[in-house]
Amino acid sequence: MQISPSVRLIAQAPDCPYGRLALFGVRRMAAGGICDAHAAHVFFTGFGIGFRRPLLLMRAFMTEMARTSTRTIAVAPCCCPRITEAESAILTALGLAAEDPMAAHERFAGLLGAPDCASVTEGARAVAMGFADCGMPLATAE
């Protein structure tokens with residue numbers, strides 16, 4: 001698989017293993033659909049027996065992002081050690097969602113091209129809280 005020349009890779013993937021887990025989930029679900037078995041397996045491996053809640057919340061978040069977006073969101077292949085601008089915005093907004101939902105909403109509005117994306121922001125808050133409740137808080141990727 002090759003990355004299109006129009007996709008800019010801007011930074012290294014997150015150092016935090018929890019951010020990398022979220023990034024992998026976003027990439028696999030974007031490429032293989034929300035029921036992707038690889039994403040489910042990684043969530044099971046990462047979260048153990050409590051994997052269902054974060055997996056379900058990530059699936060709902062990805063579905064809502066796809067439904068709301070008026071733009072194409074560029075994601076890199078799972079093996080890529082760098083992230084795209086869109087992935088950076090998603091990870092940053094996920095990190096902000098629980099503590100500063102207004103800042104997360106602004107990030108999502110810019111990324112998705114939708115001025116009203118409250119459902120995406122609430123989905124991101126649920127994902128961030130699900131990760132945190134399992135002992136894997138998502139740090140802001142700035």
* To do: Begin with the C-alpha distance, continue with both residues' side-chain angles, and end with the deciding distance and a verdict on side chain to side chain contact (heavy atoms under 4.5 Å, CB included) for Leu21 and Phe47.
  => CA-CA 10 Å; Leu21 177 64; Phe47 289 102; 3.3 Å; yes
* Derivation of the side chain to side chain contact (heavy atoms under 4.5 Å, CB included) call for Leu112 and Ile73 -> CA-CA 8 Å; Leu112 304 175; Ile73 300 170; 3.5 Å; yes
* **Test log, rule ring pair (Phe, Tyr, Trp, His ring centres under 6.0 Å), inputs Phe43 and Phe24** => CA-CA 9 Å; Phe43 272 68; Phe24 187 85; 8.7 Å; no
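Between Cys78 and His38 the shortest side-chain heavy-atom distance does not fall below 4.5 Å. Counting only heavy atoms from C-beta outward, the side chains of Ile90 and Leu23 never approach each other to under 4.5 Å. At a threshold of 4.5 Å between non-hydrogen side-chain atoms, the residues Phe61 and Leu94 count as touching. Side-chain atoms of Val127 and Met62, non-hydrogen and from C-beta on, never get closer than 4.5 Å to each other. Under the 4.5 Å side-chain criterion, counting only non-hydrogen atoms from C-beta, Val26 is in contact with Met58. Taking the side chain as every heavy atom from C-beta outward, Phe108 and Met65 approach each other to under 4.5 Å.
When the shell of 6.0 Å around CE of Met129 is examined, it contains 12 or fewer heavy atoms from other residues, nucleotides or ligands. The environment of CZ in Arg71 is crowded: more than 12 heavy-atom neighbours from other residues, nucleotides or ligands sit within 6.0 Å.
Between atom SG of residue Cys79 and atom CZ of residue Arg27 there is a gap of 8.0 Å, rounded to the nearest 0.5 Å.
Among residue pairs with one or both ends in residues 36-49, those qualifying as salt bridge (Lys or Arg N to Asp or Glu O under 4.0 Å) are Arg28-Asp36; sequence neighbours excluded. The salt bridge (Lys or Arg N to Asp or Glu O under 4.0 Å) pairs that include a residue from residues 117-128 are Glu122-Arg125, where partners are two or more places apart or lie in different chains.
Looking at every heavy atom in both residues, Asp116 comes nearest to Thr68 through O-CG2, 4.2 Å. Closest of all the heavy-atom pairs between Ala22 and Leu91 is CB-CD2, 4.3 Å. Closest approach of His105 to Pro115, counting heavy atoms only: CE1-O, 3.3 Å. When every heavy atom of Glu64 is checked against every heavy atom of Ser119, the shortest pair comes out as OE2-OG, 2.7 Å. Here the closest non-hydrogen pair linking Gly46 and Met136 is O-CE, 2.8 Å. Closest of all the heavy-atom pairs between Ile34 and Arg59 is O-NE, 2.8 Å.
A donor-acceptor pair under 3.5 Å is absent between the side-chain atoms of Arg107 and the main chain of Ala89, judged by distance alone. Not one N or O on the side chain of Glu87 forms a donor-acceptor pair closer than 3.5 Å with the backbone of Ala74. Under the 3.5 Å distance criterion, the side-chain polar atoms of Thr70 are matched with a main-chain donor or acceptor of Gly113.
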Listed pairs under 3.5 Å, donor-acceptor, residues 11-20 side chains, sequence neighbours left out:
from  : atom 1 : to    : atom 2 : distance (Å)
Arg20 : NH1    : Pro14 : O      : 3.3
Arg20 : NH1    : Asp15 : O      : 2.6

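The hydrophobic clustering, which links ILVMFWY residues whose side-chain heavy atoms are closer than 4.5 Å, places Leu56 and Met29 apart.
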